[in-house]
Amino acid sequence: MFRRLKCKINIENKFLLFLSFSLFSIEIINAQKTNVGLICENDNADVERIFQLAINNVNPDMEDMYLNGVSISIEPGNAFETSKKLCKMLRQNLVAVFGPTSSMAAKHAMSICDAKELPFIDTRGDFVVELPTINLHPHPTQLAVILKDLVTMLEWEAFTIIYECGEYLPVVNDLLQMYGPAGPTIVVRRYELDLNGDYRNVLRRIRNSGETSFIVVGSIETLPELLKQAQQVGLMTGAYRYIISDLDLQTLDLEPYQHSDANITGIRLISPENELVLEVAKALYEEEDPYVNVSCPLTVNMALVYDGVQLLAETFKHIMFRPVSLNCNDDVTWDKGYTLVNYMKSLSIKGLSGDIKFDYEGLRTDFLLDIIELTVSGLQKIGSWSTDEGASLDRPPASISSEPDQRSLVNKSFVVITAISEPYGMLKDSPAKLEGNDQFEGFGIELIEELGKKLGFSYTFRLQEDNKYGSLNPVTKEWNGMLLEIMEDRADLGITDLTMTSDRESAVDFTIPFMNLGIAILFRKPMKEPPKLFSFMSPFSGEVWLWLGISCVSVSLSMFILGRISPAEWDNPYPCIEEPTELENQFSLTNCFWFSIGALLQQGSELAPKGFSTRSVASFWSFFILIMVSSYTANLAAFLTVESLSTPIENVEDLAANKGGVNYGAKLGGSTFNFFQGAKFPTYQKMYEFMDSHPEYMTSTNAEGVTRVENENYAFLMESTTIEYITERRCTLTQVGTLLDEKGYGIAMKKNSPYRDVLSQAVLELQEQGVLVKMKTKWWKEKRGGGACTGVESDSGALALEISNLGGVFLVLIAGSFFGLFVSIVEMICGVKQRCDENKIPFKTELMEEIRFVLKCSGNTRPVKYPKPSRSASSRSKFSVSSKDSSSVTVDSLATDDQQLQKRKK
């Protein structure tokens with residue numbers, strides 16, 4: 001019976017729920033749906049969430065209509081994608097569009113909305129005053145006024161402007177005009193220099209300049225890294241004060257700087273004390289306490305999107321416009337757009353960003369800001385700023401305490417834990433047994449001694465037996481090593497080459513870095529390359545040698561052609577005959593090549609050009625050879641005497657690509673290995689995958705890695721300062737490439753220690769006084785074998801050339817000699833064969849006689865064995881001439897010559 005009753009009640013509940021849902025659906029259908037568009041970046045999902053939350057909150061109060069949110073996501077700054085998706089969204093009967101935060105995308109969206117007369121609601125500080133745009137952001141010209149009022153209120157006499165990039169120059173320009181030409185000096189420094197987020201060089205220059213008051217003008221995206229690096233270089237102490245201009249300061253986690261004593265003042269538009277802000281934050285993040293680690297999680301952009309929806313809903317309570325479908329490809333516009341914008345600017349509402357109202361130009365110039373200051377308990381409101389009254393301070397008076405300063409280290413006693421790591425902490429070499437502090441020495445030991453003398457505290461050193469610095473176990477979430485000793489109060493301070501990382505800073509506190517460094521590659525020094533066999537060809541590249549050969553062939557062919565064309569190159573072969581029947585030319589193809597090669601080798605030849613054309617080519621060829629030979633001779637000495645060095649790797653990219661088969665590794669569990677483990681850069685990720693998949697290349701200590709570098713084809717990744725120490729003592733090793741990152745060594749202490757600022761200040765003073773530089777020189781270059789490699793340099797004088805340097809020249813000579821011998825043998829065989837064919841004699845007999853003659857090696861003459869008959873022997877005749885004494889003389893005459901002579905006479 002009970003089950004039947006329960007089933008009946010469930011059926012009735014379901015029926016009532018269905019009936020209510022149906023009535024609500026009918027009500028929505030009867031109401032007019034009004035679409036509102038939102039363009040947001042992919043990396044800004046909170047904006048879309050608060051946009052939908054705002055629409056859901058205003059719809060219950062709407063009559064005869066309800067708002068419907070239509071959103072699109074774009075890549076940050078992608079203007080083309082913005083235009084394409086917005087044109088598609090315009091077809092959905094929009095009444096307004098909320099723009100993106102990136103400047104270029106917003107300008108494109110604004111231009112399209114302007115062309116279609118569609119209201120564009122902007123939340124950026126980059127103003128473009130044109131219809132139909134409505135901007136909810138406080139006007140940027142007021143920002144410089146606010147900063148001036150803050151400087152006046154805080155009674156700053158001079159200050160330094162640290163700005164991010166050119167986008168913020170208008171604010172910087174207004175601040176520079178604060179005092180006029182005769183006023184205090186205002187220094188301007190830019191911190192974003194396109195160095196992948198590394199601002200330390202600029203911050204170090206600021207620290208060294210003695211400047212103490214800063215106005216930071218930049219984006220909220222770069223501010224966390226700027227503050228972190230300022231702390232690393234020693235700019236977060238009680239001697240420095242800051243004014244942060246960004247309105248989103250309350251969204252940052254400033255806990256690391258709460259105890260730094262640095263005076264950080266800022267302004268905020270969104271007050272976490274506002275009940276509406278708290279209510280929206282709880283609904284958005286679904287948490288009872290959304291203010292975790294921050295003063296308020298809502299950014300200005302998120303609050304203005306929420307307020308924009310509220311303003312739009314309030315407008316539609318008074319006027320009702322029917323939206324139309326728009327198309328980017330035609331000229332149709334929404335004729336109600338301008339009217340809607342003008343009505344919105346005439347309203348005043350109270351939103352997350354305070355009272356929203358516009359002046360006669362449609363700008364939001366009247367607003368209220370909170371002046372906030374970072375204290376040990378977080379951000380606290382100390383005053384306010386308004387357009388009418390300016391800045392007013394409402395800080396409660398500081399209570400005067402008679403208690404002694406708890407941060408003083410005078411007469412304090414600390415347990416300092418260290419580890420054996422050269423040269424930071426080492427055991428003294430002594431024949432006698434030492435105890436207590438006397439048994440330790442090193443850079444870190446001496447640093448604690450200097451701090452103890454300066455601050456008046458005493459100390460006792462204790463050695464970490466397992467030599468582990470401290471790392472977090474990812475499974476058990478427990479720390480080990482020196483950091484665990486500090487966290488469990490078994491030690492007060494920790495010093496060695498302890499790298500400051502984000503993980504370690506979450507467990508303990510560090511002083512400012514006493515030494516800056518980075519990860520580098522330890523590898524063996526480049527070895528001298530053996531001389532190349534054909535090193536004599538090195539003065540010219542292969543391309544030059546190729547063109548030189550082409551030039552030689554071209555000149556030879558030119559001489560051959562010009563020699564046949566030029567009449568001056570045709571000579572009478574028989575000078576005794578005044579009118580010869582044949583002429584000869586000395587520039588045959590082989591002679592032309594011999595002429596070019598002879599000039600190229602600076603030896604000349606027996607050929608002498610006679611014609612103007614051939615002499616011109618010969619002259620320019622000689623000039624060309626003069627320059628080429630001079631250039632070759634000038635470079636030859638350098639290439640033969642200078643020894644080149646070779647190394648398989650030159651940077652981290654070569655190492656990651658396994659160039660030269662070089663393996664690499666790091667200390668297992670150390671900060672270097674953790675750096676690669678958490679790296680986002682593709683090269684570093686690839687290196688981590690290699691080290692993770694090859695545990696045999698990882699080492700337990702740095703000393704093991706150094707030994708492997710000396711004995712194997714292996715590179716070891718470690719801190720640059722340790723590499724510098726090693727290369728001062730092991731002359732075969734060196735650092736390869738540049739630093740992979742930048743970090744520092746600090747003195748560790750328990751979290752929220754009251755002594756951190758005092759110790760940081762003392763370390764900074766030691767740096768400024770040059771004490772740390774002297775200590776580093778002492779322990780790196782003087783103690784424990786330091787400076788052993790300082791005088792080891794390669795000989796710079798000229799060295800005698802060895803056979804390995806000139807082997808190629810000898811090889812060319814031998815090859816040429818054998819080539820000539822081979823050609824000579826071929827010529828001899830061909831000559832013997834020709835004589836045998838002409839005289840019908842055996843080839844073998846003739847060849848053996850020729851060889852026997854050659855082997856005699858004596859005499860410079862040889863008889864003609866088979867004389868050829870004269871060409872005119874067949875026509876030879878005799879005739880007699882009588883003389884006076886009646887003697888007769890026989891005279892040989894050539895019949896053919898006589899006939900030719902008769903023909904010439906005719």
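It should be emphasised that the depicted structure is a prediction, and the values quoted were computed from it without experimental measurement. Every heavy atom of this structure was used, including side-chain atoms; hydrogens, water molecules and symmetry mates were not.
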>> Determine whether L340 and I319 satisfy the following criterion, side-chain contact (heavy atoms from CB on, under 4.5 Å), listing intermediate values before the conclusion.
In response: CA-CA 8 Å; L340 182 61; I319 60 175; 3.8 Å; yes
Point-to-point distance, once rounded to the nearest 0.5 Å, from [atom1] of [X] to [atom2] of [Y]:
{"X": "Q229", "Y": "L203", "atom1": "CD", "atom2": "CG", "result": "6.5 Å"}
{"X": "C87", "Y": "K116", "atom1": "SG", "atom2": "NZ", "result": "8.0 Å"}
{"X": "E117", "Y": "T339", "atom1": "CD", "atom2": "OG1", "result": "9.5 Å"}
{"X": "S271", "Y": "I372", "atom1": "OG", "atom2": "CD1", "result": "9.5 Å"}
{"X": "C40", "Y": "R49", "atom1": "SG", "atom2": "CZ", "result": "12.0 Å"}
{"X": "M178", "Y": "D174", "atom1": "CE", "atom2": "CG", "result": "12.0 Å"}

Do [Y] and [X] meet the salt-bridge criterion of a basic N to acidic O distance under 4.0 Å?
{"X": "D366", "Y": "R364", "answer": "no"}
{"X": "K381", "Y": "E273", "answer": "no"}
{"X": "E742", "Y": "R200", "answer": "yes"}
{"X": "D246", "Y": "R268", "answer": "no"}

Take atom [atom1] of [X] as the centre, draw a 6.0 Å sphere, and report whether it contains more than 12 heavy atoms from other residues, nucleotides or ligands.
{"X": "K88", "atom1": "NZ", "answer": "no"}
{"X": "K84", "atom1": "NZ", "answer": "no"}
{"X": "D331", "atom1": "CG", "answer": "no"}

Do the side-chain N and O atoms of [X] and [Y] include a donor-acceptor pair separated by under 3.5 angstrom?
{"X": "T375", "Y": "Q258", "value": "no"}
{"X": "Q310", "Y": "E314", "value": "no"}
{"X": "T123", "Y": "N301", "value": "yes"}
{"X": "T333", "Y": "D335", "value": "no"}
{"X": "E192", "Y": "T222", "value": "no"}
{"X": "N93", "Y": "N35", "value": "no"}
{"X": "D359", "Y": "T365", "value": "yes"}
{"X": "S325", "Y": "Q92", "value": "no"}
{"X": "S384", "Y": "D370", "value": "no"}

> With under 30° as parallel and over 60° as perpendicular, where do the rings of F321 and W334 fit, or are they tilted in between?
Replying inline: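 Taking W334 first and then F321, their aromatic rings stand perpendicular (interplane angle over 60°).
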> Can you say whether the rings of Y179 and F159 are parallel (under 30°), tilted (30 to 60°) or perpendicular (over 60°)?
Replying inline: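 Aromatic pair Y179/F159 classed tilted.
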Is there a donor-acceptor contact under 3.5 Å from the side chain of [X] to the main chain of [Y]?
{"X": "N327", "Y": "D330", "answer": "no"}
{"X": "T152", "Y": "K148", "answer": "yes"}
{"X": "D122", "Y": "G99", "answer": "no"}
{"X": "N59", "Y": "L67", "answer": "yes"}
{"X": "E41", "Y": "T101", "answer": "yes"}
{"X": "Y168", "Y": "S219", "answer": "yes"}
{"X": "D114", "Y": "M110", "answer": "no"}

Shortest non-hydrogen contact from [X] to [Y]?
{"X": "D307", "Y": "S353", "value": "OD2-OG, 2.6 Å"}
{"X": "E48", "Y": "S73", "value": "OE1-OG, 4.2 Å"}
{"X": "K357", "Y": "S348", "value": "CB-OG, 3.5 Å"}
{"X": "I267", "Y": "S245", "value": "CD1-O, 3.7 Å"}
{"X": "A158", "Y": "S213", "value": "O-CB, 3.6 Å"}
{"X": "I74", "Y": "P100", "value": "CD1-CB, 4.2 Å"}

> Does Y257 have any ring-ring contact (aromatic ring centres under 6.0 Å, His included) partners at least two apart in sequence or in another chain, and if so, which?
Replying inline: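 In terms of ring-ring contact (aromatic ring centres under 6.0 Å, His included), with neighbours along the sequence ignored, Y257 is linked to no residue.
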Indicate yes or no: at least one non-hydrogen side-chain atom of [X] is less than 4.5 angstrom from one of [Y].
{"X": "L223", "Y": "L249", "answer": "yes"}
{"X": "I121", "Y": "M344", "answer": "yes"}
{"X": "E373", "Y": "N263", "answer": "yes"}
{"X": "V36", "Y": "F98", "answer": "yes"}
{"X": "L298", "Y": "Y306", "answer": "no"}
{"X": "N135", "Y": "L363", "answer": "no"}
{"X": "L369", "Y": "I146", "answer": "yes"}
{"X": "P297", "Y": "T251", "answer": "no"}

>> Quick one, L86 with V97, criterion side-chain contact (heavy atoms from CB on, under 4.5 Å). Give me CA distance, side-chain angles, the key distance, then yes/no.
In response: CA-CA 9 Å; L86 177 58; V97 174; 4.2 Å; yes
> So among L175, V172, V171, which one has a side chain to side chain contact (heavy atoms under 4.5 Å, CB included) with Y163?
Replying inline: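 One option only clears the test, and that one is V172.
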>> Quick check on side chain to side chain contact (heavy atoms under 4.5 Å, CB included): which of L374, I264, I244 does L254 satisfy it with?
In response: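 Going through L374, I264, I244 one by one, the side chain to side chain contact (heavy atoms under 4.5 Å, CB included) with L254 is satisfied by L374 alone.
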> What do the steps show when you test K282 against L278 for side-chain contact (heavy atoms from CB on, under 4.5 Å), and what is the final call?
Replying inline: CA-CA 6 Å; K282 287 182 178 180; L278 179 60; 3.8 Å; yes
> For the rings on F367 and W385, is their centre-to-centre separation under 6.0 Å?
Replying inline: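 Between F367 and W385, the centre distance is under 6.0 Å.
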>> With side-chain contact (heavy atoms from CB on, under 4.5 Å) as the criterion, how do I206 and Y191 come out once you've worked through the C-alpha distance, each side chain's angles and the decisive distance to 0.1 Å?
In response: CA-CA 10 Å; I206 294 175; Y191 65 86; over 6 Å; no
